[in-house]
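Working notes, beginning with the structure itself.
The sequence lines fix the lettering, A, B, ..., with proteins before strands; numbering per chain opens at 1. As a basis for the values below, the full set of heavy atoms in this structure was taken, side chains included, without hydrogen atoms, waters or symmetry mates.
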Amino acid sequence: MTHIKRISELQVVIGHEVTLNGWLYKNRPSGKVQFLMLRDGSGLCQCVIEKDKLPEDLFGQIKHLGQESSLSITGLVRQEPRSPGGVELAVTAVEIHTPAVDYPITPKEHGVDFLLKNRHLHLRSQKPWCIGRIRHTVIDAIRRFFNDNGFTLIDTPIFTTIAGEGEQTLFEVDYFGQPLHLTQTGQLYLESAAMSFGKVYCFGPTFRAEKSKTRRHLTEFWMVEPEVAYIDLPGLLDLAEEFVFSIVQRVLKDNHDELETLGADIAALEATQTPFVRLSYSEVVDILTSDRTQKFMAAQLEQFQGQKRMMEQELAQIEAADAKGGLKKWQQEKNARRLQKIRSELVELQVKIDNNPKHARLAADFCWGKDLGGSDETIISLMHARPVFVTHYPKAAKAFYMKADTEDDRVVENFDLLAPAGFGEIIGGSVREDDYEKLLARIDEEGYNPDSYQWYLDLRKYGSVPHGGFGLGVERTVAWITGEKHIRQCIAFPRLMDKVYL
RNA sequence: UCCCCGAUAGCUCAAUUGGUAGAGCGAGCGGCUGUUAACCGCUAGGUCGUAGGUUCGAGUCCUACUCGGGGAGCCA
């Protein structure tokens, strides 16, 4: 009796005959034996076909199958260390569903633009698949954490009537003639829910119309936002710390293989232990403008230039060897591939070398009162091996609803969490202003219409309590954990500024 | 909006100071019983992003435009 199995289940059915339903990832015919790499969505498995085990015409047909042809393969499961999952299938029967011809994405390298234009197909490749699995774990860990800690899920609206932090960054939609906006945060709605349930969270897509074309920005991304009644800033930091730690632990436990395939820095993730670093904004300003930062940047520049020299040396050596001649064909080809790789790495390195002095200058010239720029966050996070909390930003640089610090009225009780190794901000959060008069004054100062905020002000009228929360960007978190440079790889169908592919 | 870089075969990239467009991968055919981005032989595949200009001659130089990448500003 043959059972249909998924590749991820094969370890427990060694010695049995099973059927796998999947797609051809790679075919290596070799005379009288063929190695089919099959993927079925749960993993990869090598299937070995010996010529005399199948009808001759079927064996020939399989030999000419293109990548991504859909197949059902039946065979005996046996241990084989040379196969990706440690087991392989000794094939006894093959059913071809749909042969594929000229699949555009090959196991070789492709450019960013090409892959995004073919995102619907690229999703089948190893790298997007691994990232997708890790994203799934991250989201599951997020829900588990809040559900297990007494939080109630509240689904806040996508169409919103009021802005969280300034209206110029919102997408406007025509709602039966009335202008509404796509949500950029569920926070204001969540605050009212917190007064009902105590501890709540929302989780969904969020939209920003900012003209930001960087590796950290999407116009549509997913954000989870907890909001808690009766909490202060230290309480929020503890919550965020425990929360992020739990996500990292879950990914390490559930997705070790995927992290390895992606080449993620597993040791660095394991080193992400609590407590995280805690700095105030003012301390960060001191660090940025200090000699220590200038030395740090200079050391980094020196390191980049050292790498550049080494690469240029290798380049020259290879070119000299080529010019000398007498190389075998395979050596020439190997050299050509290496040259190509070095050249593209040199371009990337040169950008870092060019940017270093600019970023060093931005840091040195930083004045108290400005919001931290992307490069400033990068510098601070590069200087620390653990995530860094930055607290107490200047009031003027932050949103109207943040509570002023009781000791220093110039700053608010807020925090950002910077992921280590230069990834930058993954969380922004704050204690909310809970005093009716102070909040009304801030709304006036920002020039907003108080009528629009009537219901929000009501929360301060009826049993107001200290409360606060934060938002964590899912794609940024996934990018940090997986080691991806650009967050567009961390969502299935990314929406970029001025660019929607599919 | 500004700055830098780029656009050559299906994909990734070469092409010496302007002189007959190449390679690898992929595709097709053939070979190989243990392959791991396999290997070996053969074949097909191009209006060099678009438009104009300089020149005996332009992939290469000049101008404009289109598209893409990176960075800045702005922001999660």
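Here A/Tyr501 lies in heavy-atom contact (under 4.0 Å) with sugar-phosphate atoms only. Among the heavy atoms of the strands lying under 4.0 Å from A/Arg215 are primed sugar atoms or P, OP1, OP2 only; no base atom is included. Within 4.0 Å (heavy atoms only), A/Pro29 reaches at least one base atom of the nucleic acid. Within the 4.0 angstrom heavy-atom criterion, no nucleotide atom of any strand lies near A/Val112. A/Tyr103 comes within 4.0 angstrom of no nucleic acid atom, judged by non-hydrogen atoms across all strands. Residue A/Lys51 is classed as having no contact, given no heavy-atom separation below 4.0 Å to the nucleic acid. Within the nucleic acid shown, A/Glu80 comes within 4.0 Å of at least one base atom, counting heavy atoms only.
Across the C1' atoms, B/rA9 and B/rG45 are found 6 Å apart, a figure rounded to whole Å. Nucleotides B/rA14 and B/rG6, compared at atom C1', are 15 Å apart to the nearest Å. Comparing the C1' positions of B/rG68 and B/rA21 gives a spacing of 24 Å, expressed to the nearest Å. On the C1' atoms, B/rA27 is 16 Å away from B/rU12, given to the nearest whole Å. B/rU50 sits 23 Å from B/rC13 when the C1' atoms are compared, rounded to a whole Å. The same atom, P, is picked in B/rU16 and in B/rC4; the two are 24 Å apart, to the nearest Å. Here the separation of B/rA7 from B/rG49, taken at their P atoms, is 8 Å to the nearest Å. Rounded to a whole angstrom, the distance from the C1' atom of B/rA15 to that of B/rG24 is 15 Å.
Judged by closest nucleotide on RNA chain B, A/Met497 is the one of A/Met497 and A/Gly66 placed further toward the 5' end. Summary of the strand contacts: A/Pro84 and A/Leu65 both lie near RNA chain B, and taking for each the nucleotide with the nearest heavy atom, the more 5' one is attributed to A/Leu65.
Taking atom CG of A/Asp113 as the reference point, atom C1' of B/rG70 lies 14 Å away to the nearest angstrom. Distance A/Phe366 CZ to B/rG73 C1': 14 Å, rounded to the nearest Å. Taking atom CG of residue A/Asp365 and atom P of nucleotide B/rA72, one finds them 16 Å apart after rounding to whole Å. Taking atom CD of residue A/Gln34 and atom C1' of nucleotide B/rU36, one finds them 16 Å apart after rounding to whole Å. Following rounding to the nearest Å, A/Phe35 (CZ) and B/rA37 (C1') show an atom-to-atom distance of 16 Å. Atom CZ in A/Arg28 sits roughly 12 Å away from atom P in B/rG26 (whole-Å rounding). Taking atom CG of A/Leu116 as the reference point, atom P of B/rC67 lies 17 Å away to the nearest angstrom. Between A/Leu115 atom CG and B/rG69 atom P there is a gap of 12 Å when expressed in whole angstrom units.
By the 4.0 Å N-to-carboxylate-O rule, A/Glu68 lies close enough to A/Arg124 to be salt-bridged with it. Between A/Arg278 and A/Asp238 a salt bridge is recorded (basic side-chain N to carboxylate O distance below 4.0 Å).
Of the listed nucleotides (B/rG34, B/rG31, B/rA72), B/rG31 has the atom at the smallest distance from the side chain of A/Lys63. Counting only heavy atoms from C-beta on, A/Val351 has its side chain closest to B/rG70 among B/rC32, B/rG70, B/rA37. Across B/rU35, B/rU33, B/rG70, the shortest atom-to-atom separation from the side chain of A/Lys213 is found for B/rG70. Comparing B/rG73, B/rA38, B/rG71 by their nearest atom to the side chain of A/Lys26 picks out B/rA38. Taking only side-chain atoms of A/Arg78, from C-beta outward, the nucleotide of B/rG34, B/rG30, B/rA72 with the closest atom is B/rG34.
For A/Arg488 against B/rG70, no side-chain N or O and base N or O form a donor-acceptor pair under 3.5 Å. For A/Gln46 against B/rU35, a side-chain-to-base donor-acceptor contact under 3.5 Å is present. The base of B/rG34 lies close enough to the side chain of A/Glu88 for a donor and an acceptor atom to sit less than 3.5 Å apart.
One distance of note links NZ of A/Lys395 with CD of A/Glu433; it measures 9.0 Å at 0.5 Å rounding.
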Practice task
Using a 4.0 Å cut-off on protein heavy atoms (strictly under), produce a 5'-to-3' string for nucleotides 4-11 of chain B with B for base contact, S for backbone-only sugar-phosphate contact, and - for none.
Solution key: -------S

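Scanning all heavy atoms of the two residues, the minimum distance from A/Pro387 to A/Phe276 falls at O-CB, 3.2 Å. A/Pro394 and A/Gly369 make their closest contact through CG-CA, 3.6 Å (heavy atoms, listed as atom of the first residue, atom of the second, distance). Nearest heavy atom pair, residue A/Leu233 against residue A/Glu413, reads CD1-O, 4.0 Å.
A/His64 has a side-chain polar atom (N or O) that falls below the 4.0 Å cut-off from OP1 or OP2 of B/rC29. Between A/Arg82 and the phosphate of B/rG34, there is no side-chain N or O to OP1/OP2 separation shorter than 4.0 Å.
Each of A/Glu475, A/Glu484, A/Glu258 was scored for a salt bridge (Lys or Arg N to Asp or Glu O under 4.0 Å) with A/Arg135, with one residue passing: A/Glu475. A side chain to side chain donor-acceptor pair (under 3.5 Å) with A/Thr92 is found for exactly one of A/Glu17, A/Glu50, A/Lys53, namely A/Glu17.
By the 30° and 60° cut-offs, the orientation of the rings of A/Tyr281 relative to A/Tyr393 is tilted.
Applying the Watson-Crick and G-U wobble criteria (two distances, each under 3.5 Å), B/rA72 pairs with B/rU1. Both distances falling under 3.5 Å, in either a Watson-Crick or a G-U wobble arrangement, place B/rC56 opposite B/rG19. Taking a pair to require two hydrogen-bonding distances under 3.5 Å in either a Watson-Crick or a G-U wobble arrangement, B/rC42 pairs with B/rG28. B/rA7 is paired with B/rU66 under the Watson-Crick or G-U wobble criterion, all donor-acceptor distances under 3.5 Å.
The main-chain N or O of A/Arg495 is found under 3.5 Å from a side-chain atom of A/Thr219 such that the two form a donor-acceptor pair.
Between A/Phe146 and A/Phe243, the ring centre distance stays below 6.0 Å.
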